[in-house]
Amino acid sequence: MALFIFIPMWFLLGVSGVYTDRVTVSVMEGDSVTLHTDVQTNQQEKIKWFYNNLRVAQISDYISKTCTDVQCNEGTERFRDRLKLDHQTGSLTITNTTTEDSGLYKLQIFRSKSVSEKIFRISVHDVTGAERNTTKTESVKEGESVTLDPGGLKNPKDLLIWYFNGSRLAEITGDQSQICGNDQCKERFRDRLKLDHQTGSLTITHTTTEDSGVYELKIITNSSSIHRQFVISIISEKSLSGTDTSE
């Protein structure tokens with residue numbers, strides 16, 4: 001009696017197998033999200049990114065490219081100018097996310113004798129009204145407190161970092177937190193920053209007009225990073241009351 005033995009195609013090709021990892025990422029509409037490959041690319045590797053089985057980016061032989069409008073959009077203008085590919089690591093960034101960006105993103109890394117895959121399930125949560133802007137804007141009167149809220153995305157294993165006009169203000173990692181790690185920050189805010197370890201929110205108390213500016217939150221996990229911006233305007237009492245007393 002004949003004996004039939006099934007031999008996988010990857011074995012015949014000399015490839016050691018396909019390894020798949022799955023990750024779930026939740027963001028709010030308007031955020032930017034970076035999907036990490038956790039590798040440094042070289043000439044022996046080829047990287048491909050797919051969105052719902054549509055190839056949107058790839059790196060091969062040091063040449064990186066994202067999809068054309070036609071390839072990405074299929075007439076819908078889905079990803080127009082919103083995909084960024086890091087040619088050093090192969091990581092993919094989607095900027096100014098919308099709810100239509102929700103779905104499965106598949107990363108394939110081809111090496112000489114193996115293929116590895118990572119599947120990201122991204123959920124983009126809808127926001128309403130003024131919150132729908134890419135950058136959240138808030139105005140408060142001088143002397144009042146203002147709280148910048150991450151919106152419930154904090155996970156105990158995440159690293160959260162707050163920045164003000166590009167300078168680091170505070171961070172939470174695990175059960176540790178730090179506010180103003182340098183003298184310039186300490187002098188600038190003088191014990192006016194409060195960090196909520198449970199939610200990751202940052203509160204500025206006794207605000208002054210000099211606190212106006214761009215505050216950025218970066219949420220970093222093993223597989224992704226989320227960026228969110230807040231523009232804060234502190235309105236002085238003089239502006240509110242008016243300075244023109246002439247008749």
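All values below were derived from every heavy atom in this structure, side-chain atoms included, with hydrogens, water molecules and symmetry-related copies excluded.
Residues S223 and H36 have side chains not in contact (no heavy-atom distance under 4.5 Å, counting atoms from C-beta outward). When side chains are defined from C-beta on, I232 counts as touching V146, because their heavy atoms get closer than 4.5 Å. When side chains are defined from C-beta on, L169 does not count as touching Y163, because their heavy atoms never get closer than 4.5 Å. Counting heavy atoms from C-beta outward, E29 and D101 have side chains that stay 4.5 Å or more apart. Counting heavy atoms from C-beta on, the side chains of V214 and F230 never come closer than 4.5 Å. L107 is listed as a side-chain neighbour of I47, based on a closest heavy-atom distance under 4.5 Å. With contacts defined as side-chain heavy-atom distances shorter than 4.5 Å, the pair V23/I119 does not qualify. Contact annotation: the side chain of V140 approaches that of E138 to within less than 4.5 Å [non-hydrogen atoms, C-beta and beyond].
Residues satisfying the salt bridge (Lys or Arg N to Asp or Glu O under 4.0 Å) criterion with R121, sequence neighbours excluded, are absent altogether. With sequence neighbours left out, S201 forms a side chain to side chain contact (heavy atoms under 4.5 Å, CB included) with T147, D149, P150, D196, T199. By the side chain to side chain contact (heavy atoms under 4.5 Å, CB included) test, I179 pairs with A170, L193, L195, sequence neighbours left out. Evaluation of the side chain to side chain donor-acceptor pair (under 3.5 Å) rule for S102 yields no partner, not counting sequence neighbours. Every residue meeting the side chain to side chain donor-acceptor pair (under 3.5 Å) condition with T34, not counting sequence neighbours, appears here in chain and number order: T93. By the ring pair (Phe, Tyr, Trp, His ring centres under 6.0 Å) test, F189 is found to be paired with F164, residues two or more places apart in sequence or in another chain being considered. In this structure, E216 has no salt bridge (Lys or Arg N to Asp or Glu O under 4.0 Å) partners at least two apart in sequence or on a different chain. T221 meets the side chain to side chain donor-acceptor pair (under 3.5 Å) test with S224; sequence neighbours excluded. Remark: E187 pairs with R190 by the side chain to side chain donor-acceptor pair (under 3.5 Å) rule, at least two apart or across chains.
The CH2 atom of W49 lies 10.0 Å from the CD1 atom of I59; values are rounded to the nearest 0.5 Å. Atom OH of Y215 sits about 10.0 Å away from atom CH2 of W162, to the nearest 0.5 Å. Expressed to the nearest 0.5 Å, how far CD of Q58 lies from CG of L92 amounts to 12.5 Å. Here the straight-line distance linking atom CG of L54 with atom NZ of K106 works out to 11.5 Å at 0.5 Å rounding. Rounded to the nearest 0.5 angstrom, Q176 CD and E171 CD are separated by 10.0 Å. In this structure, the separation between CD on Q184 and CZ on R168 is 14.0 Å, given to the nearest 0.5 Å.
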Next item on the list: Check the pair I220, D158 against side-chain contact (heavy atoms from CB on, under 4.5 Å), reporting the backbone distance first and the verdict last.
Entry: CA-CA 6 Å; I220 303 172; D158 294 345; over 6 Å; no

Check: So L35 and I94, side-chain contact (heavy atoms from CB on, under 4.5 Å) or not? Walk me through it.
Finding: CA-CA 8 Å; L35 309 179; I94 307 117; 4.3 Å; yes

Next item on the list: Any chance you could lay out the side-chain contact (heavy atoms from CB on, under 4.5 Å) test for K118 and R22, step after step, and finish with the verdict?
Entry: CA-CA 6 Å; K118 183 181 287 189; R22 296 176 182 270; over 6 Å; no

Note to self: Could you go through I226 and L217, starting from their C-alpha distance and side-chain angles, then the distance that decides it, and tell me whether this counts as side-chain contact (heavy atoms from CB on, under 4.5 Å)?
What the structure shows: CA-CA 8 Å; I226 300 169; L217 170 64; over 6 Å; no

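For D191, the CG atom is loosely surrounded, since the number of other residues' heavy atoms within 6.0 Å does not exceed 12. For N182, the CG atom sits in a packed shell: over 12 heavy atoms of surrounding residues, nucleotides or ligands are nearer than 6.0 Å. By the 6.0 Å contact criterion, CG on N52 is enclosed, its count of non-hydrogen atoms from other residues, nucleotides or ligands being greater than 12.
Closest non-hydrogen pair, S139 versus I235, comes out as CB-CD1, 4.0 Å. Minimum heavy-atom separation, D38 to N222: OD1-O, 3.3 Å. Across every non-hydrogen atom of E142 and T209, the tightest pair is OE2-N, 3.8 Å. Smallest separation of non-hydrogen atoms from T205 and S145: CA-OG, 3.5 Å.
T173 places no side-chain N or O within 3.5 Å of a backbone atom of L159 that could act as its donor or acceptor partner. Checking side-chain atoms of T97 against main-chain N and O of D31 turns up a donor-acceptor pair under 3.5 Å.
Relative ring orientation between F79 and Y51 is described as perpendicular, the plane-to-plane angle rising above 60° on a 0-90° scale split at 30° and 60°.
For residues 164-200, the pairs satisfying disulfide bond (SG atoms under 2.5 Å apart) are C180-C185, with sequence neighbours left out. The salt bridge (charged side-chain N to carboxylate O under 4.0 Å, His left out) contacts involving residues 197-214 comprise R188-D211, R192-D211, where partners must be two or more places apart or lie in separate chains.
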